[in-house]
> 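Take a look at the following structure, please.
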Number of protein chains: 2
Amino acid sequence: MPYDPSAFPPFAVTVDLVVLTVRKDALYALVVRRGEPPYQGRWALPGGFVRGDEDLEEAAARELTEETGLRSQALEDQDAGAHLEQLATYGAPQRDPRMRVVSVAYLVLAPDLPAPTAGGDARSARWASTDTLLGAGDGSGWEVEQQVPLAFDHDQILRDGVERARSKIEYSSLATAFCPPEFTVGELRRVYEAVWGVALDPRNFHRKVTGTPGFLVPTGGTTTRQGGRPAQLFRAGGATLLNPPMLRPEV
Amino acid sequence: MPYDPSAFPPFAVTVDLVVLTVRKDALYALVVRRGEPPYQGRWALPGGFVRGDEDLEEAAARELTEETGLRSQALEDQDAGAHLEQLATYGAPQRDPRMRVVSVAYLVLAPDLPAPTAGGDARSARWASTDTLLGAGDGSGWEVEQQVPLAFDHDQILRDGVERARSKIEYSSLATAFCPPEFTVGELRRVYEAVWGVALDPRNFHRKVTGTPGFLVPTGGTTTRQGGRPAQLFRAGGATLLNPPMLRPEV
DNA sequence: ACAATAGTGTCTTTCAGACAATATTTT
DNA sequence: AAAATATTGTCTGAAAGACACTATTGT
């Protein structure tokens, strides 16, 4: 098939965002309520069209700022801003009933607290527990709200994003993206526990993370915001690769 | 920005393939020579437009068959066919000088031997060492041919594909995708050595892979195709996850 | 006999996981 | 004092890396 750009089928290209944060010892995702059909009134991942002159990652960063007020720290940039990386691309022919839409999904990891709907067009946005969104209820049925699945194929996208986050904190320092600039070992451990949904031994965890050169840098300060004995404060060190990795217990 | 499908900017969507194989104890990629501008005469990754009614992975599998005669074993399917998985998506505004093209790259891992250009429109295709293609020459300068970089941003796509293959064989059984249906432990080890570009201890490697339950299944047969003492033949077992992983030595 | 590859066993070191014990705060 | 969290240390078992040794072929 000769490469004939004049005869290509027309596509719309969008970016969708899986924005994850840790709060209340659980993993939460940002969702927005759809104001128009299709899937009107349903929750969906934030996102929007890629403009004609912008790169994909630019579009993702723009949508992120528009819908949450967060700035991204695309790739290498150190401080200030959430981690942003490409997740995967979804392009089933009928995933949008109106037309052919290919969506490039991005994963954003952010510390807690950015109040949802800081600005932009998302008339109603909220953080929702990923367990609830994905129907991973424990069967007790108390989590009544939000059993309606997400719009489009956003269930699958969210699932892929959560799995990416879960596996990537094993061998990288990415878990620190869920923490404020300065944090304690205990806070970092609670991130791992929330993302993996397991309990980790505080003592072994402490030994592991403080014993990995370049992973954590002590700032000198201490805090007692968790109660109990004051804990040292750390910043994320330069090391982005965790070797040997911290493996999830007992899958 | 209201979700207005009637006003979307027009994009072309293509798939590009990073087809990797191991031969002569090195990692090779499939490249095709471009017959028309832009980048006429340059080598490029195989690929083409996504049709209006096909899924992205379908398009990748179709291009793969058209350009190599290989069948893919998308995802779970066991035997018969190369491994195919989505790699990443590239959409910089000027990556194709003619128009806005977003390309979804797929990674294909295949055993050796499929003679290139089994069929289709690629008038000239060949296997090229990834080291040569990516300019990782050792400085001795004997690899004269092919210092011209690949067309478009295919250098970056190839680099990403190679890195994905390198990291994924650490914690999965994916290295078996480079092997024929039946293979020896030594052949599997040479795959790891070629992909990582390191030497592994044959004895420790043997202990590791045969000691991981479900990773290798003995077929009963033996072969002597490598010379020396006959080696047991194995098939890939059901286990797709390698735990604990086989870590690359000494990055 | 010799070279080449396959496979087993042994030793040392590293590290994960279990858990005792101590330290420093709030209530 | 009691409860909560942080931190250090000790022990055990699993596994990686180094490497001696045996096994079975081709030349």
Side-chain angles (χ1 to χ4, degrees), chain A residues 25 169-171 175 179 182-194 196 198-235 239 241-251, chain B residues 24-25 169-171 175 179 182-194 196 198-234 239 241-251:
Chain A
D25 289 332
I169 63 174
E170 281 191 312
Y171 54 90
C179 295
E182 298 200 351
F183 53 88
T184 70
V185 172
E187 288 163 350
L188 183 63
R189 174 171 47 83
R190 274 179 281 277
V191 165
Y192 275 89
E193 291 177 331
W196 285 345
V198 299
L200 299 176
D201 186 292
R203 298 158 296 186
N204 293 336
F205 183 88
H206 190 283
R207 176 160 44 85
K208 171 79 176 174
V209 296
T210 56
T212 303
F215 186 29
L216 295 184
V217 178
T219 67
T222 62
T223 183
T224 180
R225 59 183 169 230
Q226 300 291 339
R229 168 176 167 179
Q232 284 185 72
L233 284 170
F234 293 88
R235 281 182 298 100
L241 246 47
L242 213 44
N243 197 319
M246 164 136 32
L247 296 175
R248 273 180 270 193
E250 182 67 12
V251 183
Chain B
K24 292 186 278 185
D25 289 331
I169 64 175
E170 282 189 312
Y171 54 90
C179 295
E182 298 199 352
F183 53 89
T184 70
V185 172
E187 289 164 349
L188 183 62
R189 174 171 49 82
R190 276 179 279 277
V191 165
Y192 276 89
E193 291 176 331
W196 285 344
V198 299
L200 299 176
D201 186 292
R203 299 157 296 186
N204 293 335
F205 184 87
H206 191 281
R207 175 159 47 83
K208 170 80 176 176
V209 296
T210 57
T212 302
F215 186 29
L216 295 184
V217 179
T219 67
T222 61
T223 183
T224 179
R225 59 183 168 228
Q226 300 292 338
R229 168 176 167 179
Q232 284 186 70
L233 285 170
F234 294 88
L241 245 47
L242 214 44
N243 196 320
M246 164 136 32
L247 295 176
R248 275 181 269 192
E250 184 66 12
V251 184

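Just so it is clear, the values below take in all heavy atoms, side chains as well, and ignore hydrogens, waters and symmetry mates.
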> Kindly state which residues belonging to residues 198-220 of chain A come within less than 4.0 angstrom of DNA chain C, counting heavy atoms of the residue only, listed by number.
A:D201, A:R203, A:N204, A:R207, A:K208

> Does A:R189 put a side-chain nitrogen or oxygen below 4.0 Å from OP1 or OP2 of D:dT5?
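Checking A:R189 against D:dT5: no side-chain N or O falls below 4.0 Å of OP1 or OP2.
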
> Take atom CD of A:Q226 and atom C1' of D:dT7, then tell me their distance rounded to the nearest Å.
16 Å

> Taking all non-hydrogen atoms of both residues into account, name the closest pair between A:A175 and A:V191 and its distance.
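Answer, listing the atom of A:A175 first, then A:V191: O-CG1, 3.8 Å.
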
> B:R248 has an atom CZ; how far is it from atom C1' of D:dG17, in whole Å?
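One finds 18 Å between C1' of D:dG17 and CZ of B:R248, rounded.
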
> Minimum heavy-atom separation for B:Y192 to B:I169, with atom names?
OH-O, 3.0 Å

> Which whole-number value in Å describes the distance from A:L233 CG to D:dT5 C1'?
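Answer to the nearest Å: 14 Å.
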
> Tell me the interatomic distance from B:N243, atom CG, to C:dA16, atom P, rounded to whole angstroms.
13 Å

> Can you tell me how far CZ of B:F183 sits from OG1 of B:T219, rounded to the nearest 0.5 angstrom?
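Reported to 0.5 Å precision, the distance equals 9.5 Å.
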
> Please confirm whether the shortest side-chain N or O distance from A:R190 to OP1 or OP2 of D:dA6 is below 4.0 Å.
yes

> List the protein contact pattern of nucleotides 22-27 of chain C with one symbol per nucleotide (5' to 3'): B for base contact, S for sugar-phosphate-only contact, - for none; contact means a heavy-atom distance under 4.0 Å.
-BBB--

> Within the 4.5 Å heavy-atom criterion, are A:K208 and A:P244 side-chain neighbours or not?
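Contact flag for A:K208/A:P244 side chains = yes.
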
> Nearest 0.5 Å please: distance from the CG atom of A:L241 over to the OH atom of A:Y171.
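It is 8.5 Å, given to the nearest 0.5 Å.
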
> Quick one: do A:V209 and A:M246 satisfy side-chain contact (heavy atoms from CB on, under 4.5 Å)? Show the steps, please.
CA-CA 9 Å; A:V209 296; A:M246 164 136 32; 3.9 Å; yes

> Between B:L233 and B:T184, is any pair of side-chain heavy atoms under 4.5 Å apart?
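Yes - at least one pair of side-chain heavy atoms lies under 4.5 Å apart.
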
> Under 4.0 angstrom, heavy atoms only, what part of the nucleic acid is B:R225 near: base, sugar-phosphate, or nothing?
nothing

> Show the numbers, then the answer: is there a side-chain contact (heavy atoms from CB on, under 4.5 Å) between B:F205 and B:E193?
CA-CA 11 Å; B:F205 184 87; B:E193 291 176 331; over 6 Å; no

